[in-house]
Engineer: 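Handing you a structure now.
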Amino acid sequence: MFRTSVALAALLATTTMTLPNNALAQEAAPSTPSEAEDPYLWLEDIHGERAMAWVQAHNEHSLAVLQGDPRYQTLYDEALAILQATDRIPTPGFAPGGHIDNFWQGAGHVRGIWRRTTLDSYRSGDTQWETILDFDALAEAEGENWVYKGASCLPPQDRYCLVSLSDGGRDAVTVREYDTVERRFVEGGFVIPESKSDVTWIDQDTLLVGTDWGADGDMTDSGYPNTVRVLRRGQALDQAQEIFRGETTDVSSSGYTLRDADGAVQATLINRAITFYESETLLVNADWTTMALPMPGQSTIQALVGGRLVFTTEQDWIAPTGESFASGDLVAWNLAAFKADPAGTHPELVLHPGERDSIEDVSATRNQLVVALFENVRGSVYVLRPQAGATEWSRTRLDLPENVTVGLGSADTESDQVFVNVSGYLNPNSLWLANAETGAVQQVRSLPDRFDASGMVVEQFEARSADGTMIPYFVVHARDMALDGTNPTLLYGYGGFQNSLLPGYSGTVGRLWLSRGGVYVIANTRGGGEFGPRWHQAALQENRQRAHEDFQAVALDLIARNITSQPHLGIMGGSQGGLFMGAMLTQRPDLINGAVIQVPLFDMLRFHRLLAGASWIAEYGNPDIPQERAWIAAYSPYQNLRAGQPYPEVFIHTSTADDRVHPGHARKAAARLEELGYPVLYFENTDGGHAAGANLLHTARRIALEYTYLNRRLVDTPTQE
């Protein structure tokens, strides 16, 4: 969002991972014990001896079944070859002086390396890289299970960086100061011990830090920092000066800076996240006091460009000066005027998306604002500029491929260049370099085909949900597919947190599923962000069931079109998407013959008590409030499992190291299903965090296990059980 020289996200070329109106739902309530009587609470003891013995036994059984399948090894080899391919596009991040940084994982670097080259070398056919930090070598030298979680560098030189290292892939990280010139950690430099920390540079000797300081009230009920403190070089942590404290019932509090294109701090701000979606923005004064700003409670600051603070609204909003803005609008303030007179400064409308449009990303080059705008789930990139006397900024569309997904990559604040990623379900990723000032675009990299898509097509359909809303979905399939209901079909969904499922290329889906005759379907249900904040908010809290009905409607539509049928239809989703799968399993098991349930939420009456769960109350509601507990209990998969239902054998997997969604959700789901007499395949990786894989070998294994399972359920003469 704002400039850091190291935009180094690990790019996983794999399936997405990142959560009734029917006869079955009208039957008698399940006989699941109450929370106080829950016989599987002991499985919430993450590293408990009894719980881990249960995990080991289930892992041995599931691996014996799935890895014993003759298809597994071929699927694993193909997945690993794609993940470790050396001809992948190295994700570029602009660094000072015309340099490009990249985080790379491959056969020789399963944990990854941080490396650097020049822009000219990157654009050439023979890129020469220098290694800045080798995480495989670091882990071996220190005897630690380090997983790289990103770096924040100090502008404008970006020599000194705060590197985040996770033990096994957890969200909690250790932060250490690194010198990219000397290629070593700074002796006596900044170190923040393992915690779910938030750390921001003020200057070379000063940080804003949110972490677990060791005292009651320093962390929120959600497990994130509750205070923001100023830490100066040479100080011990307990000497840091507290400048802000939120409430323990908040989600988190964090500090950050707005810097101009030359790296100079223009404003220091604190974000107090009251809920997952509502926040308070405070300006930090020169004496470290703070002042609340009249920002909408549901909004996100996106960029600072040309002296203007640019933000998106996630609610209808009337500014203090009387201007009205709709949910989903892009708005700007003159920052200098705003700091001087927050209540009296008039905001400008930058962009008002249409009813079926969504702003998916915003970035700033040195002088230009760049926006990724999706129109009916198809992407385009616009450059926006203010116009004197106009009610909205002008916009110019970049000449990029159409009917694809576009993603804004790193933007250069030393020039007006920005990288743009382009892909589609059947279009391998290509990387373009755009000049936002002139509009010139040039393709600089492209991914080779990972599977033969020449005989395949992508179609977009709509399904009518229970309340009449039309739900779009994409179907990827062979052009000559017979509409006879026999096609093995994988339906993917997420449906929450305003996360959009956009068309994208997955070599593993194509190679391991589509090229073997499978059909791949992506449901753009409410709860996501495909059509902006309102599409998400339509399925919040008491309306969560709408998203479940949307997903069910897509399944019904697939069957009605004779694309597939129950014996050949499987579903997949992770995290919130795992909750989606659980709701489908308990509400409409008659529609499916398989379910891959990844790192799921499942016990929704206890989600707020486990790890980061309290932060999601704004999404689901609070089970401690009787009215809200009632609507959650109506769909919570764990409480709605019961005997005598046509549940297929499911494959549930999670990670012991996941410190975001508690592995107890997945464990208890499997245990309850087995208690009721259903067969279950369960696997728990002991590393990997919420991504369920600490390195490429783990990821390849997960993918191979999933597609082995799907072949067994949907291809091998499946029958309804």
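Just so you know, residue 1 is the first one in the sequence shown, and it goes up from there.
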Engineer: Aromatic rings Trp616 and Phe607: how do their planes relate, parallel, tilted or perpendicular, breaks at 30° and 60°?
Structural biologist: parallel

Engineer: Listing request: all salt bridge (Lys or Arg N to Asp or Glu O under 4.0 Å) pairs with a residue in residues 208-228, at least two apart in sequence or in separate chains.
Structural biologist: Asp218-Arg229, Asp218-Arg245

Engineer: Is it the case that the ring center of Phe580 lies less than 6.0 angstrom away from the ring center of His548?
Structural biologist: yes

Engineer: Any side-chain heavy atom of Val199 within less than 4.5 Å of one from Phe190?
Structural biologist: no

Engineer: Keeping the roles fixed (side chain from Thr686, backbone from Thr656), state whether a donor-acceptor pair exists under 3.5 Å.
Structural biologist: no

Engineer: Would you say the side-chain atoms of Gln266 and Asp260 include a donor-acceptor pair closer than 3.5 Å?
Structural biologist: yes

Engineer: Using the rule given for side-chain contact (heavy atoms from CB on, under 4.5 Å), can you reason through Gln639 versus Asp603, listing the C-alpha separation, both sets of side-chain angles and the distance that settles it, and then say yes or no?
Structural biologist: CA-CA 7 Å; Gln639 281 73 30; Asp603 184 351; 2.9 Å; yes

Engineer: Between the main-chain N or O of Thr91 and the side-chain N or O of Asn102, is there a donor-acceptor pair closer than 3.5 Å?
Structural biologist: yes

Engineer: So, Ser410 side chain and Phe94 main chain: donor-acceptor pair closer than 3.5 Å or not?
Structural biologist: yes

Engineer: Please check if any side-chain donor atom of Asn145 sits under 3.5 Å from a side-chain acceptor atom of Arg111, or the reverse.
Structural biologist: yes

Engineer: Tell me yes or no: between the side chains of Asn226 and Glu247, is some donor less than 3.5 Å from an acceptor?
Structural biologist: no

Engineer: So, do Arg667 and Tyr40 sit near enough that their side-chain heavy atoms are less than 4.5 Å apart?
Structural biologist: no

Engineer: With the side chain counted from C-beta on, respond yes when Val175 and Val209 share a heavy-atom pair under 4.5 Å apart, and no when they do not.
Structural biologist: no

Engineer: Side chain of Asp659, backbone of Asp171: donor and acceptor closer than 3.5 Å?
Structural biologist: yes

Engineer: Counting distance only, does the side-chain N/O of Glu314 pair as donor-acceptor with the main-chain N or O of Ser299 below 3.5 Å?
Structural biologist: yes

Engineer: Check this for me: does any side-chain nitrogen of one of Arg176 and Glu144 sit under 4.0 Å from a carboxylate oxygen of the other?
Structural biologist: no

Engineer: Mind telling me whether Tyr277 and Phe497 have parallel, tilted or perpendicular rings, with 30° and 60° as the class edges?
Structural biologist: tilted

Engineer: Using a strict cut-off of less than 4.0 Å between a Lys/Arg side-chain nitrogen and an Asp/Glu carboxylate oxygen, indicate whether Arg272 and Asp250 qualify as a salt bridge.
Structural biologist: yes

Engineer: In Å and rounded to the nearest 0.5 Å, what is the CD to CD distance from Gln537 to Glu619?
Structural biologist: 10.0 Å

Engineer: Please tell me whether Phe683 and Phe651 form a close aromatic pair, meaning their ring centres lie under 6.0 Å apart.
Structural biologist: no

Engineer: Once salt bridge (Lys or Arg N to Asp or Glu O under 4.0 Å) is applied, what residue pairs with a partner in residues 178-199 remain, sequence neighbours excluded?
Structural biologist: Glu130-Arg183, Arg159-Asp179, Arg159-Glu182

Engineer: Do NZ/NE/NH1/NH2 and the carboxylate oxygens of Asp38 and Lys668 come within less than 4.0 Å?
Structural biologist: yes

Engineer: So, taking the atom named OG in Ser164 and the one named NZ in Lys149, what distance separates them when rounded to the nearest 0.5 Å?
Structural biologist: 9.5 Å

Engineer: Is there side-chain contact between Tyr148 and Val163, with heavy atoms separated by less than 4.5 Å?
Structural biologist: yes

Engineer: More than 12 non-hydrogen atoms from neighbouring residues, nucleotides or ligands closer than 6.0 Å to CD on Glu142, yes or no?
Structural biologist: yes

Engineer: Report yes or no: does Glu542 contribute a side-chain atom to a donor-acceptor pair with the main-chain N or O of Glu628 at less than 3.5 Å?
Structural biologist: no

Engineer: Taking salt bridge (Lys or Arg N to Asp or Glu O under 4.0 Å) as the test, write out the residues that go with Asp203, two or more places apart.
Structural biologist: none

Engineer: Between Thr290 and Ile270, is there a side-chain heavy-atom distance shorter than 4.5 Å?
Structural biologist: yes

Engineer: Evaluate the side-chain proximity of Glu177 to Arg233: yes if any heavy-atom separation is below 4.5 Å, no if none is.
Structural biologist: yes

Engineer: Is there a donor in the side chain of Asn685 and an acceptor in the side chain of Arg701, or the other way round, less than 3.5 Å apart?
Structural biologist: yes

Engineer: Does atom CD of Glu140 have more than 12 heavy-atom neighbours, drawn from other residues, nucleotides or ligands, at distances under 6.0 Å?
Structural biologist: no

Engineer: May I ask you to decide whether Glu44 forms a salt bridge with Arg609, counting only side-chain N to carboxylate O separations under 4.0 Å?
Structural biologist: no

Engineer: Just verifying a value: how many Å separate Gln235 CD and Leu207 CG, rounded to the nearest 0.5 Å?
Structural biologist: 10.0 Å

Engineer: Using modelled atom types only, decide if a donor and an acceptor are shared between the side chain of Thr257 and the backbone of Arg259 within a distance under 3.5 Å.
Structural biologist: no

Engineer: To the nearest 0.5 Å, what is the distance between OG on Ser62 and NE2 on His653?
Structural biologist: 11.5 Å

Engineer: State whether the side chain of Trp114 and the backbone N or O of Gly150 hold a donor-acceptor pair below 3.5 Å, judged by distance alone.
Structural biologist: no

Engineer: Drop me the distance from Thr180's OG1 to Leu133's CG, to the nearest 0.5 angstrom.
Structural biologist: 10.5 Å

Engineer: Would you check if the side chain of Ser222 reaches a backbone N or O of Tyr224 as a donor-acceptor pair within less than 3.5 Å?
Structural biologist: no

Engineer: Sub-3.5 Å donor-acceptor pair from the side chain of Asn285 to the main-chain atoms of Asp287, do we have one?
Structural biologist: no

Engineer: Hey, does Trp213 have a side-chain heavy atom less than 4.5 Å from the side chain of Leu237?
Structural biologist: yes

Engineer: Hey, are Asp205 and Arg232 close enough for a salt bridge, meaning a charged N less than 4.0 Å from a carboxylate O?
Structural biologist: no

Engineer: Are Thr200 and Ser152 close enough that some pair of their side-chain heavy atoms sits under 4.5 Å apart?
Structural biologist: no

Engineer: One pair to check against side-chain contact (heavy atoms from CB on, under 4.5 Å): Thr654 and Glu684. What are the steps and the verdict?
Structural biologist: CA-CA 5 Å; Thr654 189; Glu684 183 171 318; 3.7 Å; yes

Engineer: As an exercise, state the distance from CD1 of Ile359 to CG of Leu330, rounded to the nearest 0.5 Å.
Structural biologist: 4.5 Å

